[in-house]
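Written below as structure tokens is the structure these notes are about.
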2 protein chains.
Amino acid sequence: MDRTIREVARRAGVSIATVSRVLNKTVPVSEDKRKRVLEAVDAVGYTPNPAAQSLLKKETGGLGVLLPYAGEEFFAELLTGADLAAQEYGYYLLICTSHRDDKTLQASIRGLDKRVDGLVVMVPEINAKELAYLAKGEDPVVCINTPLSTDAVDRINFDNFEGVRKMTAYLIANGHERIALIRGPERAHDAQKRLEGYRAAMQGAGVSDTSMLEFNGDYTKQAGYTVGEKILALDPRPTAIIAANDYCAIGVLSVLHEHGIAVPEEISVAGFDDVPSAQYAAPTLTSVRVPIREIGAAAIRRLVTRLRAKHPMPHEDQVYPVELVVRQSTAPCKDEA
Amino acid sequence: MDRTIREVARRAGVSIATVSRVLNKTVPVSEDKRKRVLEAVDAVGYTPNPAAQSLLKKETGGLGVLLPYAGEEFFAELLTGADLAAQEYGYYLLICTSHRDDKTLQASIRGLDKRVDGLVVMVPEINAKELAYLAKGEDPVVCINTPLSTDAVDRINFDNFEGVRKMTAYLIANGHERIALIRGPERAHDAQKRLEGYRAAMQGAGVSDTSMLEFNGDYTKQAGYTVGEKILALDPRPTAIIAANDYCAIGVLSVLHEHGIAVPEEISVAGFDDVPSAQYAAPTLTSVRVPIREIGAAAIRRLVTRLRAKHPMPHEDQVYPVELVVRQSTAPCKDEA
DNA sequence: CTGTTAGCGCATTCAT
DNA sequence: ATGAATGCGCTAACAG
């Protein structure tokens, strides 16, 4: 049995237009027919075919979310915020993950084309070409934490620069001088900003050349472990390490623990993002709080607002402040030097 | 400018059928026209409208995933596994979250109807009515960790019973006698199985009535904290606590820490799931490892296999084994009683 | 108020 | 090898 509008109309003894009108409440329908239609709908188990609706109305009811990974806490939190907001507005979410790979990202973007009405993009390493492609598309796009090379999209950023600058300044104020930084991926926009924040603070403290204190890494526990080991071998050893993010910091904590080095007594460790895990690490992790869930929701709201607006809206560029959260993994420097 | 097949055909000076044939490689097309079509496609930036394709072919290319939450680590891991597998097969993922709410779940299920070609459901508290609805639908469904009340769907379960039974037996073997259990939600299928596993082990050790040791809770840190506090007030105090899952266990650890009670010296704590955080909790958490990412991928593979099979396939019922992972949060009982 | 009709964009016959 | 024509299920415009 076809679960189509025609079948419903047949059973109710009305035309398909009437069925549509009952379902969409677009025009009054006589109570009698209305009831018969509703019964038939129930009997058939009818649901309008979204493909047909979408073809006609040029709307899909879906919103796309583009992320490097869905499983990492940071992105999972973003997803949760987006999910909650989308549900509130009656949109469903289509998730695409790039796994930090350009080809996959491009495929995802192409594949999303007419499947969604709008797009949230949080891919720090997105390249200019893809960004331009998105900006040229018909669908509204909100970019989270991406470089500002186009003004054809909405942007929501958080203050990567200021976050690490504050963190560095805090460590300096606590007597640290040799503060190592594990940088995130070079092509990731946020990692660059964090690096600049670090340098700014260090220069403010009179350290103009930090090249010996900067280490290449990425946003993984594995990187924290490996690079942490390298940093330990330094002489003199840094008294503090600022990791690329919380995951990376947790890797650092892990290698320090294995080497029997006390945190924060012998060395301070800091992360970035303040993901839920940071509060449960051992020791609890000093970090920079990013209101990521809220940002995810804000991105969806922006998209929906734009979709509902019948007149063009100016594109916005919002920057969320971030907040230093001091926990057990950092302490004043006890270096006797 | 319309980005339709017609526009491409016009530019290439061919019929729309030819464009379709070039794009779908369904029938040979003369090299000359093929080239012109491809050029036109490029010039227009043409992508076939998925809604039109779906209307015609009765396939969407999407797979739905139904979860309580997207942000919790356990589900995020499931999602990652599903995502990887879906990407491999060229399907996209449509995520719906129920937030453990029946109404939301029902709305999600209805909304997914013709938007996807198949469905992965991991909602332990799903009710019989919704399950029946899903089973009756046209799309293949894989249920993860749900009760076995219908054989019209594929099922992938992991051994909740055996997991907690093993955990309990391990604690008993280490001299523990007063082992408290924080139960998960009563209407959650997995929580029931875990409870039964606990009781089985306790009875095996001669404790036939465990009612004084069972506590109502749920899968949250908050529950672990609150219920943990209640358990602490007991006299005599239990020497071990098995939490509903890892999140709950982390809440227990947190309240014990606040009360200055040493883990595992004074009391042992265990979780379930072995989410990534368990390895980074303080102390590291003894848990039951569930291969959740693999399960997520397996569910998608099952779905795709079924979709590609042109002949009906028998429904399967697979049970993944789970594994006890002993870490620092549990130790032999030092009770002098 | 209600029925009839015309497409939305595309893959697929059926002719040629 | 290719074009014309059909129709997937639905909403909206047009008649009554």
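Letters A, B, ... mirror the listed sequences (proteins, then strands); counts begin at 1.
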Heavy-atom nearest nucleotide on DNA chain C for A:R34 versus A:L56: which residue maps closer to 5'?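 The residue mapped nearer the 5' terminus is A:R34.
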In Å, rounded to the nearest 0.5 Å, how long is the span from NZ of B:K129 to CG of B:L131?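 Here the interatomic distance stands at 12.5 Å.
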Can you measure from CG (A:N49) to NZ (B:K114) and round to the nearest 0.5 angstrom?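 The CG atom of A:N49 sits 5.5 Å away from the NZ atom of B:K114.
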Measure [atom1]/[X] against [atom2]/[N] and give the value in whole Å, please.
X: B:R36; N: D:dT2; atom1: CZ; atom2: C1'; result: 12 Å
X: A:I16; N: C:dT4; atom1: CD1; atom2: C1'; result: 9 Å
X: A:N24; N: D:dA12; atom1: CG; atom2: P; result: 7 Å
X: A:E59; N: D:dA12; atom1: CD; atom2: C1'; result: 14 Å
X: B:I5; N: D:dG3; atom1: CD1; atom2: C1'; result: 13 Å
X: B:Q53; N: C:dG9; atom1: CD; atom2: C1'; result: 9 Å
X: A:R21; N: C:dT4; atom1: CZ; atom2: C1'; result: 10 Å
X: B:K114; N: D:dG9; atom1: NZ; atom2: P; result: 8 Å

Please check the phosphate of [N] (OP1 and OP2 only) for any side-chain N or O of [X] closer than 4.0 Å.
X: A:K58; N: C:dG9; answer: yes
X: B:K33; N: D:dT2; answer: yes
X: B:S20; N: C:dT12; answer: no
X: A:S30; N: C:dT2; answer: yes

In the structure I gave you, are the side-chain heavy atoms of A:D83 and B:I95 within less than 4.5 Å of one another anywhere?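 They are not in side-chain contact.
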Selected nucleotide, minimal atom distance to B:S15 side chain, candidates C:dG3, D:dA1, D:dA4: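 From the listed options, D:dA4 comes nearest.
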Measure from the side-chain heavy atoms of B:R6 and tell me the nearest of D:dC10, C:dC8, D:dG3.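 Among the listed nucleotides, the one closest to the side chain of B:R6 is C:dC8.
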Over all strands shown, is A:T18 touching base, sugar-phosphate only, or nothing at heavy-atom distances under 4.0 angstrom?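 Sugar-phosphate contact only - A:T18 comes under 4.0 Å of backbone atoms but never of a base.
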So B:D2, base contact, sugar-phosphate only, or nothing? Heavy-atom distance under 4.0 Å.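 Nothing, no nucleic acid heavy atom in range.
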5′-ward residue of the pair B:V29/B:A52 relative to DNA chain D: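 The residue mapped nearer the 5' terminus is B:V29.
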Both A:K57 and B:V14 contact DNA chain D. Taking the nearest nucleotide for each, which residue is further toward the 5' end?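 Its nucleotide being nearer the 5' end, the pick is B:V14.
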Is B:R110 close enough and on-axis enough to B:Y133, meaning under 6.0 Å and within 45°, for cation-pi?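 Positive - B:R110 is close enough to the ring of B:Y133 and near enough to its axis.
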Quick check: does any side chain N or O of B:R11 sit under 3.5 Å from a backbone N or O of B:A40, one acting as donor and the other as acceptor?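 Checking the backbone N and O of B:A40 against the side chain of B:R11, no donor-acceptor pair under 3.5 Å is found.
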Check if the side chain of A:R3 and the base of D:dG9 share a donor-acceptor pair of N or O atoms closer than 3.5 Å.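 Donor-acceptor pair under 3.5 Å: no.
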